[in-house]
**Student:** 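Sharing a structure with you now.
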Amino acid sequence: MRIAFIGGTGFYEAKFLEDPREIPVKTPYGEVKTLLGKHKGKEIVFITRHGKGHAVPPHLVNYRANIASLKTLGVKGILASAAVGSLNMDMEPGHLVILDQFLDFTKGRQGTFFQGEKMPVVHTDMSYPYCDFLRETLFQVGKSLGLKVHPSGTYVCTEGPRFESSAEIKMFRTLGAHVVGMTGVPEVVLAREAGICYTSVALVTNYAAGISPTLLTHEEVVEMMKINSQNFLKLLLKTVESLPEEWECSCEKRPEAELITGG
Ligand code: HPA
């Protein structure tokens, strides 16, 4: 059983992996540099969403290639990391949120594997986008480690790379969003299309625009990720340690998912 970590902002290296091997994976959407290694006997694949040193902005991340590469490597579950701004005072900077819903406010992204042409037209159910089994495991492990972890939260995904206006944040709050980021969609959607269990652990790095008393900078986001990186990694690794080889969940496995592989 293989688990993948998708490292977001501030999570670019995988020094924790034993016997790491770089494996470039060719997909119909481009090649992805993956790192395959072990942790306490379990196989982990690591990819960075933004490339080394945050070279790729959120709206240009090759989400399809990333998920297709993990599908090719036979990954069963994905633990993704996300830096987020908070829209409510209960979710404070430094807290972790195990996402359970999203609102999609992205614009021009390639958001599906099923484009017609050589692929069938498929309308994938998205009622519960994140894997409940992985979410519950992360939450229990987080609690046992004494971390400030929220069991659920609605993530609104904006197009970026700019931060939001105060009016946008006010609107997102009214719509029920708890946290805001720029990369969660279409990653979660593509994972579901590919039949891979997916969870996202969001680390609150700041209060969102208009809630924060100061103007937002990318540097403060990276700094907050750095401060919390050890706890964050501990949560991911302990979760991998406690995962069984197989689990039952309601992540839909459709036959079309098997069409999604490397080229
Ligand atoms: N907005 C969007 N993305 C983010 C934020 C934010 O406030 N903080 C970290 N990622």
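Both ligands and their constituent atoms are indexed starting at 1 by order of listing.
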**Student:** If you look only at distance, which donor and acceptor atoms sit under 3.5 Å apart when one is on a side chain in residues 73-80 and the other is two or more places apart or in another chain?
**Tutor:**
none

**Student:** So, are Glu168 and Arg162 salt-bridged, with charged N and O less than 4.0 Å apart?
**Tutor:** yes
**Student:** Could you walk me through whether Tyr63 and Tyr29 pass the ring pair (Phe, Tyr, Trp, His ring centres under 6.0 Å) check?
**Tutor:** CA-CA 9 Å; Tyr63 296 97; Tyr29 313 98; over 10 Å; no
**Student:** Would you call Glu43-Arg2 a salt bridge at under 4.0 Å N-O?
**Tutor:** yes
**Student:** Contact residues of ligand 1 with a heavy-atom cut-off of under 4.0 Å?
**Tutor:** Ala83, Val84, Gly85, Phe163, Glu164, Val180, Gly181, Met182, Thr205, Asn206, Leu216, Val221
**Student:** Do Thr112 and Glu193 pair up side chain to side chain, a donor and an acceptor below 3.5 Å, judged on atom types alone?
**Tutor:** yes
**Student:** Salt bridge check: are Lys107 and Glu159 linked by an N-O gap of less than 4.0 Å?
**Tutor:** no
